[in-house]
Protein chains: 2
Amino acid sequence: MKNNIKVQRAIHDMTQADLAEKIGVSRQTINAMEKNKYVPSTLLALKIAKLFKIPVEDIFILENSD
Amino acid sequence: MKNNIKVQRAIHDMTQADLAEKIGVSRQTINAMEKNKYVPSTLLALKIAKLFKIPVEDIFILENSD
DNA sequence: ATTAAAAGTAAAACAAGTTTTACATATAGA
DNA sequence: TCTATATGTAAAACTTGTTTTACTTTTAAT
(Lines give C-alpha, C1' and ligand atoms only; values in the text may rest on other atoms or scores of the structure.)
Protein backbone atom coordinates (compact mmCIF):
# COMPACT_ATOMS: atom_id res chain seq x y z
CA MET A 1 0.00 0.00 0.00
CA LYS A 2 1.28 3.44 -0.89
CA ASN A 3 -0.07 6.91 -0.22
CA ASN A 4 -0.18 10.47 -1.53
CA ILE A 5 -0.02 12.33 1.72
CA LYS A 6 3.09 14.27 0.82
CA VAL A 7 1.52 15.50 -2.41
CA GLN A 8 -1.71 16.44 -0.70
CA ARG A 9 0.24 18.34 1.91
CA ALA A 10 2.02 20.23 -0.83
CA ILE A 11 -1.28 21.06 -2.54
CA HIS A 12 -2.64 22.38 0.71
CA ASP A 13 0.68 23.93 1.72
CA MET A 14 0.92 22.11 5.01
CA THR A 15 3.93 20.90 6.95
CA GLN A 16 3.99 17.47 8.56
CA ALA A 17 3.48 19.24 11.87
CA ASP A 18 0.47 21.13 10.52
CA LEU A 19 -1.20 17.97 9.32
CA ALA A 20 -0.35 16.12 12.51
CA GLU A 21 -1.96 18.80 14.61
CA LYS A 22 -5.07 19.01 12.42
CA ILE A 23 -5.86 15.35 12.71
CA GLY A 24 -4.58 14.87 16.23
CA VAL A 25 -1.52 12.68 15.90
CA SER A 26 2.19 13.23 16.41
CA ARG A 27 4.42 14.59 13.69
CA GLN A 28 6.39 11.35 13.68
CA THR A 29 3.23 9.46 12.82
CA ILE A 30 2.77 11.58 9.71
CA ASN A 31 6.43 11.23 8.80
CA ALA A 32 6.36 7.47 9.24
CA MET A 33 3.20 7.17 7.15
CA GLU A 34 4.74 9.16 4.33
CA LYS A 35 7.85 6.99 4.49
CA ASN A 36 5.69 3.87 4.42
CA LYS A 37 6.96 2.73 7.77
CA TYR A 38 3.53 1.44 8.72
CA VAL A 39 -0.14 1.25 7.79
CA PRO A 40 -2.30 3.74 9.65
CA SER A 41 -5.68 3.03 11.22
CA THR A 42 -8.89 3.56 9.28
CA LEU A 43 -9.69 6.40 11.65
CA LEU A 44 -6.59 8.29 10.53
CA ALA A 45 -7.30 7.54 6.89
CA LEU A 46 -10.83 8.91 7.17
CA LYS A 47 -9.68 12.03 8.96
CA ILE A 48 -7.00 12.75 6.40
CA ALA A 49 -9.39 12.15 3.50
CA LYS A 50 -11.96 14.42 5.08
CA LEU A 51 -9.41 17.16 5.64
CA PHE A 52 -8.20 17.02 2.03
CA LYS A 53 -11.76 16.58 0.75
CA ILE A 54 -10.95 13.55 -1.38
CA PRO A 55 -11.84 9.84 -1.09
CA VAL A 56 -9.71 7.57 1.06
CA GLU A 57 -8.97 5.58 -2.11
CA ASP A 58 -7.37 8.64 -3.69
CA ILE A 59 -4.88 8.88 -0.84
CA PHE A 60 -4.21 5.28 0.08
CA ILE A 61 -3.69 2.94 -2.85
CA LEU A 62 -3.69 -0.85 -2.70
CA GLU A 63 -0.82 -2.59 -4.47
CA ASN A 64 -0.51 -6.07 -5.86
CA SER A 65 1.62 -7.08 -2.92
CA ASP A 66 -1.21 -6.31 -0.48
CA MET B 1 -16.54 5.41 14.10
CA LYS B 2 -19.18 2.96 13.00
CA ASN B 3 -19.42 0.60 10.04
CA ASN B 4 -21.85 -1.16 7.72
CA ILE B 5 -20.04 -4.42 7.30
CA LYS B 6 -22.90 -6.54 8.55
CA VAL B 7 -25.30 -4.95 6.06
CA GLN B 8 -22.86 -5.33 3.19
CA ARG B 9 -22.37 -8.97 4.09
CA ALA B 10 -26.11 -9.44 4.00
CA ILE B 11 -26.37 -7.76 0.60
CA HIS B 12 -23.66 -10.02 -0.73
CA ASP B 13 -24.93 -13.04 1.21
CA MET B 14 -21.66 -13.73 2.97
CA THR B 15 -20.96 -15.15 6.40
CA GLN B 16 -18.34 -13.62 8.66
CA ALA B 17 -16.15 -16.58 7.78
CA ASP B 18 -16.65 -15.98 4.06
CA LEU B 19 -15.62 -12.36 4.34
CA ALA B 20 -12.69 -13.20 6.58
CA GLU B 21 -11.36 -15.68 4.10
CA LYS B 22 -11.84 -13.35 1.14
CA ILE B 23 -9.80 -10.57 2.66
CA GLY B 24 -7.34 -12.76 4.50
CA VAL B 25 -8.08 -12.22 8.19
CA SER B 26 -9.55 -14.36 10.94
CA ARG B 27 -13.26 -14.69 11.50
CA GLN B 28 -12.85 -13.12 14.93
CA THR B 29 -11.40 -10.01 13.34
CA ILE B 30 -14.56 -9.57 11.26
CA ASN B 31 -16.76 -10.25 14.25
CA ALA B 32 -14.86 -7.77 16.41
CA MET B 33 -15.03 -5.11 13.72
CA GLU B 34 -18.77 -5.53 13.36
CA LYS B 35 -19.18 -5.29 17.12
CA ASN B 36 -17.02 -2.17 17.15
CA LYS B 37 -14.44 -3.77 19.37
CA TYR B 38 -11.67 -2.01 17.48
CA VAL B 39 -10.71 0.11 14.51
CA PRO B 40 -9.24 -1.90 11.65
CA SER B 41 -6.20 -0.93 9.62
CA THR B 42 -6.53 1.06 6.43
CA LEU B 43 -5.39 -2.01 4.54
CA LEU B 44 -8.41 -3.97 5.75
CA ALA B 45 -10.73 -1.07 5.04
CA LEU B 46 -9.49 -0.80 1.46
CA LYS B 47 -9.79 -4.53 0.88
CA ILE B 48 -13.33 -4.64 2.21
CA ALA B 49 -14.36 -1.61 0.17
CA LYS B 50 -12.85 -3.12 -2.95
CA LEU B 51 -14.61 -6.42 -2.38
CA PHE B 52 -17.98 -4.73 -1.92
CA LYS B 53 -17.25 -2.28 -4.72
CA ILE B 54 -18.13 0.80 -2.70
CA PRO B 55 -16.04 3.64 -1.23
CA VAL B 56 -14.36 3.22 2.14
CA GLU B 57 -16.45 6.16 3.35
CA ASP B 58 -19.64 4.23 2.62
CA ILE B 59 -18.57 1.45 4.95
CA PHE B 60 -16.69 3.24 7.70
CA ILE B 61 -18.35 6.39 8.98
CA LEU B 62 -16.74 9.03 11.18
CA GLU B 63 -18.74 10.15 14.17
CA ASN B 64 -18.63 13.35 16.19
CA SER B 65 -16.81 11.54 18.96
CA ASP B 66 -13.90 10.67 16.66
C1' DA C 1 27.71 31.32 5.58
C1' DT C 2 24.33 31.45 9.07
C1' DT C 3 19.94 30.77 10.72
C1' DA C 4 15.26 28.97 11.27
C1' DA C 5 12.02 25.82 9.84
C1' DA C 6 11.06 21.38 8.01
C1' DA C 7 11.95 16.75 7.43
C1' DG C 8 14.27 12.45 8.64
C1' DT C 9 15.54 9.06 12.05
C1' DA C 10 15.86 6.10 16.24
C1' DA C 11 14.85 3.81 20.55
C1' DA C 12 11.87 2.94 24.37
C1' DA C 13 7.48 2.69 26.06
C1' DC C 14 2.79 2.17 25.52
C1' DA C 15 -1.66 1.34 23.06
C1' DA C 16 -4.18 -1.13 19.86
C1' DG C 17 -4.97 -4.59 16.11
C1' DT C 18 -4.91 -9.50 14.90
C1' DT C 19 -4.45 -14.52 15.53
C1' DT C 20 -5.20 -18.73 17.77
C1' DT C 21 -7.72 -21.84 20.49
C1' DA C 22 -11.66 -22.87 22.59
C1' DC C 23 -16.19 -22.74 24.09
C1' DA C 24 -21.15 -20.76 24.38
C1' DT C 25 -25.22 -19.21 22.23
C1' DA C 26 -28.38 -18.53 18.52
C1' DT C 27 -30.77 -19.74 14.27
C1' DA C 28 -32.79 -22.38 10.74
C1' DG C 29 -33.82 -26.65 8.64
C1' DA C 30 -34.60 -31.75 8.69
C1' DT D 1 -36.04 -32.10 18.84
C1' DC D 2 -31.67 -32.83 16.82
C1' DT D 3 -28.19 -31.20 14.07
C1' DA D 4 -25.36 -28.18 11.39
C1' DT D 5 -24.08 -23.67 10.57
C1' DA D 6 -23.42 -18.99 11.99
C1' DT D 7 -22.45 -15.78 15.44
C1' DG D 8 -20.75 -14.15 19.92
C1' DT D 9 -17.20 -14.08 23.36
C1' DA D 10 -12.79 -14.50 25.96
C1' DA D 11 -7.95 -14.90 27.17
C1' DA D 12 -3.22 -15.26 25.87
C1' DA D 13 0.19 -14.36 22.73
C1' DC D 14 1.95 -11.84 19.17
C1' DT D 15 2.35 -8.06 15.88
C1' DT D 16 1.88 -3.51 14.68
C1' DG D 17 0.54 1.40 15.31
C1' DT D 18 1.45 5.60 17.96
C1' DT D 19 3.72 8.68 21.29
C1' DT D 20 7.52 10.80 23.43
C1' DT D 21 12.06 12.54 23.58
C1' DA D 22 15.83 13.76 21.38
C1' DC D 23 19.06 14.30 17.93
C1' DT D 24 20.62 14.79 12.81
C1' DT D 25 20.07 16.36 8.20
C1' DT D 26 17.94 19.05 4.63
C1' DT D 27 16.04 23.10 2.65
C1' DA D 28 15.17 27.79 1.81
C1' DA D 29 15.79 32.39 2.97
C1' DT D 30 18.68 36.09 4.80
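Proteins come first, then strands; the chains are lettered A, B, ... in the order of their sequence lines, and each starts at number 1. These values consider heavy atoms only, across backbone and side chains, with no hydrogens, waters or symmetry-generated copies.
B:Val25 places none of its side-chain heavy atoms less than 4.5 Å from the side chain of B:Lys47.
A 4.0 Å heavy-atom criterion places the boundary nucleotides of DNA chain D facing chain B at D:dA6 to D:dA10, written 5' to 3'.
Nucleotide C:dA28 holds its C1' atom 14 Å from the CG atom of B:Asp13, rounded to whole Å. If you take NZ of B:Lys35 and P of C:dA24, they are 19 Å apart, rounded to a whole angstrom.
Within the model, atoms CG of B:Leu44 and OG1 of A:Thr42 stand 7.0 Å from one another, a figure rounded to the nearest 0.5 Å. Taking NZ from B:Lys50 and CG from A:Leu62, the interatomic distance works out to 5.5 Å, rounded to the nearest 0.5 Å. Distance CD1/A:Ile23 to CG/B:Asp66: 12.5 Å, rounded to 0.5 Å. The distance from the CE atom of A:Met1 to the CG atom of B:Leu43 is 6.5 Å, given to the nearest 0.5 Å.
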**Report entry** B:Glu57 and A:Glu57: CA distance, side-chain angles, deciding distance, side chain to side chain contact (heavy atoms under 4.5 Å, CB included) verdict
**Finding:** CA-CA 9 Å; B:Glu57 282 88 345; A:Glu57 282 87 346; 3.8 Å; yes
Requested in this report: Might you work through the side chain to side chain contact (heavy atoms under 4.5 Å, CB included) test for A:Ile61 and A:Asn4, ending with a clear yes or no?
Outcome: CA-CA 8 Å; A:Ile61 295 108; A:Asn4 290 329; 3.6 Å; yes
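A sub-4.0 Å separation between OP1 or OP2 of C:dT18 and a side-chain N or O of B:Thr29 is absent.
Annotation: B:Asn36, atom CG; neighbour count of heavy atoms from other residues, nucleotides and ligands within 6.0 Å is above 12.
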Contacts under 3.5 Å, N or O only, protein and nucleotides 2-7 of chain C:
from: C:dA7; atom 1: OP1; to: A:Arg9; atom 2: NH1; distance (Å): 2.9
from: C:dA7; atom 1: OP2; to: A:Gln16; atom 2: N; distance (Å): 2.8
from: C:dA7; atom 1: N7; to: A:Arg27; atom 2: NH1; distance (Å): 3.2

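The nearest heavy atom of DNA chain C to B:Lys37 and to B:Gln28 marks one nucleotide each, and the one closer to the 5' end goes with B:Lys37.
At a threshold of 4.0 angstrom between heavy atoms, the contacts of A:Ser41 are confined to the sugar-phosphate backbone, with no base atom among them.
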